[in-house]
Student: 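Have a look at this one before I ask anything.
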Amino acid sequence: MFTKILVVFSIALTTLSIEAQAVQIDAEVGFGGKCRQGTWVPITINLKNPTNDTIAGTIATIDLITKQPSTHRTAFELGGPSEKQYTHYWLPDQPGSEAILKVMVDRGRVKDENKLIVKCPYQYVYPDNMFVTAVGPAQATLNFLDGFQLVALKPGQSGIPGSTSTQIRIEAGLIDADNIPDRPLGYDGVDVLVLADLAPSRTAPEQLAAIGMWVASGGTLVVNGGADYQRLQNSFYEEMLPVKVTGARELSSLNSLNTIPNIGIPIENAASVVIESQLKPDARALVMQEGIPLVTVWDYGLGRVIFLAFDYTSPTLRAWGGQINMWKAILLLSSKRVPLASPIIDTSSHTTMPGLPPTQSPIRPHQRESTTMGSIESVAGNMPSITTPSLQIILIYLLAYLFCLVPVNYFILTRKNRRELAWITTPAVIILFTIGAYGIGYTMKGSRLLLNTISVTEASTGIKYAAINTYIGIFSPARRSYGMEIYDTFAVTSEREQVNANQYWLGGTQQQTRRRGWKPINVHFADTTVLPEISMDMWSMRSFRAESGCDLGGALDANLTVDTKAKKVTGRISNNTKYDLNDCQIFIGQQTAMIDNIRKNSVVEVESDLSHIGSNSIHAQHKIKLSELELDLLTSILNQLPTMPKNIIITAWSDQSPTPIKLKRGHAERQSANCFLFRVSPDGGQIK
């Protein structure tokens, strides 16, 4: 009997012990504890459930200033016993906010929820600095670059009229390959991402896709080489690298690196194994040795990929006193261009690295001001029913109200000798005109729930990853709440807010950030992005933005020749994407040519005349049947395209949205416009 009691007592103690330690949490903010001010911050979270019960809930960050949980939450579910990793995304509500993670359990037994709160220390990277993050083990770190300055050229210095130089401080971060973000916006604060030993076979497809989408939207990727060439022979690196890897070879030295400008200290003669490769079209070899490109670069979408055939973590390179100047030269190759649909004004500057034409230097995008609501992002807010009456109508209505309330009311009651009825007729007139004002407002502002969605997918010919900016406008005729679900596992959402041009998000530091004018909203991250509560006032309008990326399923390939004198475009376009592209046009500066529809997995021959972009050329001249929303969007895009004929750009439309959106708790009248924008690579198009 005593034995049985002892067994039962032991089981009870074990159960209580397990409950007390249910859901163990460990987390790391940003990249090695570093993250940039004013940008989305990834938080890698490891959750462990030692119990036999299934535990589910959400993870939120708590702001120590406001004491409130963040609006962005990450859903989790852990069977027992198990351990799982999640990536939570946080946009701090206040400058200097501290990250405290709280696990809120909705299903399962937890004895002490206070143990589910963990403080995550981190260090801010300032907006003006260049943030370089390495992916790999500790030996891949670039922390020897911390504190060094890059001298970049803005337009106009030494030989470039009107230029000035600027100094940019370098800050280095590090993240393990298993912990990299699974959404492109997780790299929002990173300027240069260095893949030291990332093995795609051990990396989740979502994490690989997020890197590709981030580069396509303007990021700079550096890929490390070395002896392990098999690591680079897979679909991810075949897509991203500026070379085709063919093998590996041992060189007696890497003395060609001494040709890099301002290298200072020559590298010692020591044998090194490097990657053998062949250049892709549009790629440029900046350093060659014995027929092997040691440093190569090419533009990928709006971003740039730099490939180092050698292993920068090798003892030879680590012991080299010139490695800091080598990395400075590599970082000067970085380019941070931004999508047209992003609310950022792009500012060009120049690099001086041999072998590269003048292009953008690493001026931080976080220094650039966001645009006003008068551009692409405002198109989703153009609701046909949201109109205001003219001042003339308001004055006439007020005069009619006063005329009926006083003279007419008095005249009629005096004539009938019933002035004592004024206490009835006066409220009646007021009620009548109140109902009339409501009716006028109801007629002019509308009684329909309206949902506008526009998405701009931006890519380049020859690549499969693209950046997506989706803008959503909701008009509610009544005071109520709605829910919205975004069927895009890569999307991160924010809401438009009106901000005075003199207001600064960074607490008076006079630094304007990329997120100025967009605030966090109540969002749950899971397989889809869910906005559970969108509270609307009567006749109110709210605007949202979802930043994402996509895998097009293949590339749009082009081989075009533009003859500006004969005003003709000839060539061929192959659509290997998963989208049917309709009403396609080619734009070169202020000229356009129609190429009609290009179905997926099809090839079209192009032979079309160029015409000047005019008020009637889009519809009448080319007979394109665009909706009013699509025409407004195309007009906004054309307003931001370069006016000089330097680039060939293909625009297209699709009935299939890359970011499907569903509005809950209400039947909405929908308008949508899905625009695809392809920049034709230099290899795919020539202008003569």
Side-chain angles (χ1 to χ4, degrees), residues 25-36 41-46 48 83 85-88 99 118-125 129-148 169-182 186-187 189-204 207-208 210-211 214 219-232 236-237 254 257 267 270 272-275 306-328 330-331 334:
I25 179 172
D26 182 32
E28 182 177 285
V29 179
F31 303 88
K34 291 186 177 181
C35 58
R36 190 191 292 277
V41 178
I43 303 179
T44 304
I45 301 168
N46 288 299
K48 184 177 181 180
E83 185 175 355
Q85 179 176 296
Y86 295 87
T87 303
H88 177 69
V118 58
K119 185 174 181 180
C120 305
Y122 60 92
Q123 177 184 347
Y124 267 134
V125 175
N129 297 345
M130 168 177 274
F131 190 29
V132 182
T133 294
V135 177
Q139 61 265 31
T141 183
L142 297 170
N143 57 7
F144 55 83
L145 295 174
D146 265 329
F148 281 94
R169 188 177 188 274
I170 303 171
E171 293 196 47
L174 179 69
I175 190 170
D176 189 84
D178 295 334
N179 299 338
I180 59 176
D182 57 2
Y187 301 98
V190 176
D191 296 306
V192 179
L193 186 71
V194 182
L195 302 185
D197 69 344
L198 182 72
S201 60
R202 301 193 301 268
T203 307
Q207 294 173 310
L208 295 175
I211 293 176
W214 170 73
T220 298
L221 181 69
V222 178
V223 179
N224 191 35
D228 186 13
Y229 71 92
Q230 292 92 343
R231 171 176 58 91
L232 305 176
F236 173 73
Y237 285 120
L254 295 176
L257 296 179
I267 192 170
S272 298
V273 179
V274 299
I275 300 292
I306 303 165
F307 177 60
L308 310 179
F310 50 88
D311 181 7
Y312 78 86
T313 67
S314 67
T316 300
L317 271 295
R318 284 301 196 193
W320 179 33
Q323 66 170 334
I324 292 176
N325 288 334
M326 179 194 74
W327 274 106
K328 283 185 177 183
I330 291 171
L331 296 181
S334 68

Student: Please identify each residue that fulfils side chain to side chain donor-acceptor pair (under 3.5 Å) with D176, with sequence neighbours left out.
Tutor: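 Checked D176 against side chain to side chain donor-acceptor pair (under 3.5 Å); zero matches.
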Student: Which pair of heavy atoms, one from R36 and one from N129, lies closest together, and at what distance?
Tutor: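 For R36 versus N129, the nearest heavy atoms are NH1-O, 2.9 Å.
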Student: Strictly below 4.0 Å, N to O, side chains only: are K48 and D26 in salt-bridge contact?
Tutor: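 The answer is no: the pair does not qualify as a salt bridge.
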Student: Run the ring-ring contact (aromatic ring centres under 6.0 Å, His included) test against Y312 and tell me which residues pass, sequence neighbours left out.
Tutor: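 By the ring-ring contact (aromatic ring centres under 6.0 Å, His included) rule, Y312 matches W327.
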Student: Look up atom CD1 in I275 and atom CZ in R231, then write down how far apart they are to the nearest 0.5 Å.
Tutor: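 One finds 7.0 Å between CD1 of I275 and CZ of R231.
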Student: Would you give the length of the straight line joining atom CG of L174 to atom CG of N179, rounded to the nearest 0.5 angstrom?
Tutor: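 L174 CG to N179 CG: 10.0 Å, rounded to 0.5 Å.
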Student: V192 vs I306, test: side chain to side chain contact (heavy atoms under 4.5 Å, CB included). Steps then yes/no.
Tutor: CA-CA 10 Å; V192 179; I306 303 165; over 6 Å; no
Student: Any side-chain heavy atom of T44 within less than 4.5 Å of one from D178?
Tutor: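 The answer is no; the side chains never approach within 4.5 Å.
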Student: In the structure I gave you, are the side-chain heavy atoms of I180 and L193 within less than 4.5 Å of one another anywhere?
Tutor: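 SC-SC contact between I180 and L193 ruled out.
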Student: Nearest 0.5 Å, please: how far is CD in Q123 from CD in E171?
Tutor: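 Answer for the CD-CD pair, E171 versus Q123, is 6.0 Å.
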Student: Are W320 and L254 close enough, and set up right, to give a side chain to side chain contact (heavy atoms under 4.5 Å, CB included), and what steps lead you there?
Tutor: CA-CA 11 Å; W320 179 33; L254 295 176; over 6 Å; no
Student: Just verifying a value: how many Å separate L198 CG and T203 OG1, rounded to the nearest 0.5 Å?
Tutor: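 Between atom CG of L198 and atom OG1 of T203 there are 4.0 Å.
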Student: Can you name the nearest heavy-atom pair linking T87 to P42, along with the distance?
Tutor: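 Closest approach of T87 to P42, heavy atoms only: CG2-CB, 4.2 Å.
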Student: Would you name the heavy atoms of C35 and G30 that are closest together and state the gap between them?
Tutor: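 Looking at all heavy atoms of both residues, the shortest contact is CB-CA, 4.4 Å.
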Student: Rounded to the nearest 0.5 Å, what separates atom OG in S272 from atom CD1 in I267?
Tutor: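 Taking OG in S272 and CD1 in I267, the distance rounds to 6.5 Å.
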Student: Run the side chain to side chain contact (heavy atoms under 4.5 Å, CB included) test on F310 and T316 for me, step by step, so that the C-alpha distance in whole Å, both residues' side-chain angles and the decisive distance to 0.1 Å come before the verdict.
Tutor: CA-CA 10 Å; F310 50 88; T316 300; over 6 Å; no
Student: Less than 4.5 Å apart, any side-chain heavy atom of F131 and any of Y187?
Tutor: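 No; the side chains remain at least 4.5 Å from each other.
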Student: Between the side chain of N143 and the main-chain N/O of A172, is any donor-acceptor distance below 3.5 Å?
Tutor: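 No, because the side chain of N143 does not come within donor-acceptor range (under 3.5 Å) of the backbone of A172.
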Student: Any side-chain heavy atom of I211 within less than 4.5 Å of one from L195?
Tutor: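 Yes, at least one pair of side-chain atoms sits under 4.5 Å.
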Student: Within the structure provided, determine whether I45 and I25 are in side-chain contact (heavy-atom separation under 4.5 Å).
Tutor: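 Side-chain contact under 4.5 Å: yes.
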Student: For N325, which residues count as a side chain to side chain donor-acceptor pair (under 3.5 Å) partner, sequence neighbours excluded?
Tutor: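 None.
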Student: Run through I170, L142, V194 and flag the one making a side chain to side chain contact (heavy atoms under 4.5 Å, CB included) with L331.
Tutor: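 Of the listed residues I170, L142, V194, the side chain to side chain contact (heavy atoms under 4.5 Å, CB included) partner of L331 is I170.
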Student: Do you know which two heavy atoms are closest between A210 and P181, and how far apart they sit?
Tutor: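 What the structure gives for the nearest pair is CB-O, 4.0 Å.
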Student: Indicate yes or no for a side-chain donor-acceptor contact from D191 to the backbone of V132 under 3.5 Å, with no hydrogens or angles considered.
Tutor: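 Not confirmed, D191 side chain does not pair with V132 backbone.
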Student: Using a 3.5 Å distance criterion without hydrogens, assess whether the side chain of T141 forms a donor-acceptor pair with backbone atoms of A138.
Tutor: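 No; judged by distance alone, with no hydrogens or angles, the pair does not exist.
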Student: How close do R318 and T313 get, counting heavy atoms only, and between which atoms?
Tutor: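 Nearest heavy atoms, R318 then T313: CG-O, 3.7 Å.
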Student: Under the 3.5 angstrom rule, does the side chain of R202 hit a backbone N or O of A177 as a donor-acceptor pair?
Tutor: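 No, the answer is negative, given that no donor and acceptor are paired below the 3.5 Å cut-off.
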Student: Rounded to the nearest 0.5 Å, what separation is found between the CE atom of M130 and the CZ atom of F148?
Tutor: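 Nearest 0.5 Å value for the CE-CZ distance: 15.0 Å.
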